[in-house]
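Here's the structure we're looking at; comments come further down.
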Amino acid sequence: MCATEKHMIVVGAGIMGASIAYHLANRGIKVTVIDKGQPASGATGSSFGWIHSTVSDDAPDALLRRASVADWHRLEKEIPELWVNWTGAISYDDFSLESQADDHLLQQPGISQLEPALNNPPQRAYYAQQDGAVDPIDATLVLLDRACGLGATLKSQTAVIGFTREGNKITGIETSEGVLQADCLILACGTGISPLFDAIGTPLPIMASPAILLRFGATGHVVNTLISGHDIEVRHTRNGDIFAVEDYPVTGGIDNIASDTLAAMKISLKGTESAQLLSQSVGQRPVPADGCPIIGFIGDTTGVYVAVMHPAVTCAATLGRMISEELVTGKALEIPESYRPARFFASNHYTEL
């Protein structure tokens, strides 16, 4: 396959689309990135940014998570302006304590040494020394800027309103600015994928899982690592603010989330007495119905490739590498068959480009 003869459209300018676009452009592919809003304005903009590699052996995304740290380190070397904070992460939620062997757990004295600001450190916690965190918005913009420097084109505020076809092959997209033709259409727009697949006539079940991201102003450095417990989940941002993340309440009411989170933080952490809420946002995280990543060409309609999973930030660097390899060379030795969209279709096959 000759890279210079190919034009690919990536729909979605979040962290996933940005990584795919960069990796494709870096391999000589002509790429257009299109988004109905601004870059990182969807779920990416409300992401916690944890590069979270700890996962059980039977987790559907174990392969991607365990490769994620190495791939983010690779991207740091390729793109010096990309900033990743490799602080490690301390987890003492029930899942982490139950899933890790005792020799992987820190005892209370070690926890206090790492995080002296904890008022009531847990008896045990898992320390993932290799983990890090990235600012998802900043990383998305950096990846898109580098992709554009390699020849990619970014079209924001441009919605997909239809598709062009030749038989069963999707040959391009219709937008308010006109038609864009491409050899391959890559859908990386999270929860926006399902409506596009409905328009193609191939339903794909992707659920929206809301999460709340809160940013607090802090007067000093409080947290050394990333802390994920049953009471708080917090980390410092690049400028010293504190990020906290909360699950969306089952009741649907979020009026008290910020005040409750701030109260819990002040109870748990010294140095947060004067912390104040700066912003709060809700991100609709895309989660495939069966919880497994959906990566690959769809069935009866050719020319369409889908890339969606949670957590996208953790795995974006790895998936950008794997997906670009498949699209450029036609080989996908690292992508498991269990990730393929074929599992949702009766035909039980996928069609390559």
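These numbers come from a predicted model, not from an experiment.
- For Glu81, the CD atom counts as densely surrounded, since its 6.0 Å shell holds more than 12 non-hydrogen atoms of other residues, nucleotides or ligands.
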Check your understanding: Given the rule in the side chain to side chain contact (heavy atoms under 4.5 Å, CB included) test, do Phe344 and Ile298 qualify, once you have shown the distances and angles that lead to the verdict?
Key -> CA-CA 9 Å; Phe344 296 107; Ile298 65 170; over 6 Å; no

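- Counting only heavy atoms from C-beta outward, the side chains of Ile90 and Tyr126 never approach each other to under 4.5 Å.
- One finds the CZ atom of Phe297 at 4.5 Å from the SG atom of Cys184 (value rounded to the nearest 0.5 Å).
- For the salt bridge (charged side-chain N to carboxylate O under 4.0 Å, His left out) criterion with Glu326, the lone passing option out of Arg27, Lys331, Arg340 is Arg340.
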Practice item. Carefully, step by step, assess Thr44 and Thr140 under the rule side chain to side chain donor-acceptor pair (under 3.5 Å). Key: CA-CA 8 Å; Thr44 294; Thr140 298; 4.8 Å; no

Practice item. I would like to know whether Glu246 and Thr261 meet side chain to side chain donor-acceptor pair (under 3.5 Å); could you show each step before the answer? Key: CA-CA 8 Å; Glu246 296 285 349; Thr261 302; 3.1 Å; yes

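- Annotation: side chain of Cys189 is not in contact with side chain of Asp35 (no heavy-atom distance under 4.5 Å).
- Screening Asp145, Ile79, Val31 for a side chain to side chain contact (heavy atoms under 4.5 Å, CB included) involving Tyr22 leaves a single residue, Ile79.
- Rounding to the nearest 0.5 Å places OG of Ser47 at 8.5 Å from CD1 of Ile137.
- Using a 30° and 60° split on the angle between ring planes, His221 and His236 fall in the parallel class, below 30°.
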Check your understanding: Going through the distances and angles, do Asp58 and Ser56 end up as a side chain to side chain donor-acceptor pair (under 3.5 Å)?
Key -> CA-CA 6 Å; Asp58 59 352; Ser56 60; 2.8 Å; yes

Check your understanding: Run the salt bridge (charged side-chain N to carboxylate O under 4.0 Å, His left out) check on Lys30 and Asp183 step by step: do they pass?
Key -> CA-CA 10 Å; Lys30 179 183 177 183; Asp183 297 286; over 6 Å; no

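- Using a 4.5 Å cut-off on side-chain heavy atoms (C-beta onward), Ile193 and Leu204 make contact.
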Exercise for review: List the steps and the verdict of side chain to side chain contact (heavy atoms under 4.5 Å, CB included) for Ile295 and Val306.
Suggested key: CA-CA 6 Å; Ile295 309 296; Val306 63; over 6 Å; no

Exercise for review: Tell me, with the steps shown, if Arg146 and Glu78 meet salt bridge (charged side-chain N to carboxylate O under 4.0 Å, His left out).
Suggested key: CA-CA 10 Å; Arg146 180 56 69 96; Glu78 294 178 13; over 6 Å; no

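- Taking the six-membered ring where tryptophan is involved, the planes of His230 and Tyr92 are perpendicular, since the angle between them exceeds 60° and thus also 30°.
- Judged by distance alone, the side chains of Asn168 and Thr302 never bring a donor and an acceptor atom under 3.5 Å apart.
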Exercise for review: List the steps, then state whether salt bridge (charged side-chain N to carboxylate O under 4.0 Å, His left out) holds for Arg165 with Glu174.
Suggested key: CA-CA 11 Å; Arg165 299 172 181 257; Glu174 298 174 355; over 6 Å; no

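- A donor-acceptor pair under 3.5 Å is formed between the side chain of Ser259 and the backbone N or O of Asn256.
- Across Val84, Val134, Leu143, a single residue satisfies side chain to side chain contact (heavy atoms under 4.5 Å, CB included) together with Leu75, and that is Leu143.
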Point to revise | Criterion side chain to side chain contact (heavy atoms under 4.5 Å, CB included) on Phe48 and Leu213, from CA distance to verdict | key: CA-CA 7 Å; Phe48 191 47; Leu213 183 72; 4.1 Å; yes

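- Taking all atoms of both residues into account, the shortest heavy-atom contact from Pro136 to Arg235 is CD-NH2, 4.4 Å.
- A 4.5 Å side-chain heavy-atom check between Pro249 and Ile254 finds at least one atom pair inside the cut-off.
- Each salt bridge (Lys or Arg N to Asp or Glu O under 4.0 Å) pair with one or both residues in residues 281-292, not counting sequence neighbours, appears once here: Asp290-Arg343.
- Ionic pairing of Arg238 and Asp135 is not present here: no N-O contact between side-chain nitrogen and carboxylate oxygen is shorter than 4.0 angstrom.
- Looking only at side-chain heavy atoms (C-beta outward), Met8 and Leu327 come within less than 4.5 Å of each other.
- Here Arg66 does not pair with Asp61 in a salt bridge; the nearest charged N to carboxylate O distance is not below 4.0 Å.
- Between Ser19 and Thr318 there is no side-chain heavy-atom pair separated by less than 4.5 Å.
- A distance of 5.0 Å separates OG in Ser228 from CG in Asp93, rounded to the nearest 0.5 Å.
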Point to revise | Test side chain to side chain contact (heavy atoms under 4.5 Å, CB included) applied to Val179 and Ile173, step by step | key: CA-CA 6 Å; Val179 174; Ile173 58 173; over 6 Å; no

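- For Thr87 and Asn85, the side-chain atoms include no donor-acceptor pair closer than 3.5 Å.
- Rounded to the nearest 0.5 Å, atoms CG (Leu24) and OG (Ser324) are 5.5 Å apart.
- The distance from the CD1 atom of Ile15 to the CG atom of Leu144 is 8.5 Å, given to the nearest 0.5 Å.
- Heavy atoms from other residues, nucleotides or ligands lying under 6.0 Å from CD of Glu273 number more than 12.
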Review point. Yes or no on side chain to side chain donor-acceptor pair (under 3.5 Å) for Thr225 and Glu115, after CA distance, side-chain angles and deciding distance?
Key: CA-CA 7 Å; Thr225 64; Glu115 294 292 359; 2.5 Å; yes

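- Looking at Thr164, its side chain does come within 3.5 Å of a backbone N or O of Gly172 through a donor-acceptor pair.
- Of the N and O atoms on the side chains of Ser209 and His310, not one donor lies less than 3.5 Å from an acceptor on the other residue.
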Practice item. Please assess Asp71 against Arg321 for the test salt bridge (charged side-chain N to carboxylate O under 4.0 Å, His left out), listing each intermediate value before the final yes or no. Key: CA-CA 8 Å; Asp71 275 304; Arg321 171 178 59 81; 2.7 Å; yes

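- Here the CD1 atom belonging to Ile212 is positioned 4.5 Å from the CD1 atom belonging to Ile257, to the nearest 0.5 angstrom.
- A 6.0 Å sphere centred on CD of Gln157 holds more than 12 heavy atoms belonging to other residues, nucleotides or ligands.
- The side chain to side chain donor-acceptor pair (under 3.5 Å) check on Ser53 picks up Gln130, Asp131, with sequence neighbours excluded.
- Distance alone, capped at 3.5 Å, places no donor-acceptor pair between the Arg215 side chain and the Ser281 backbone.
- Ring pair His52/Trp50 is parallel by interplanar angle, where below 30° counts as parallel and above 60° as perpendicular.
- Using a distance-only test at 3.5 Å, with no hydrogens or angles considered, no donor-acceptor pair links the side chain of Thr272 to the main chain of Ala275.
- The heavy-atom pair separating Leu63 from Tyr339 by the smallest distance is CB-OH, 3.9 Å.
- Side-chain contact between Ser41 and Lys36 is absent, with no heavy atoms from C-beta onward closer than 4.5 Å.
- By the 4.5 Å heavy-atom criterion applied to side chains, Val328 and Ile29 are counted as neighbours.
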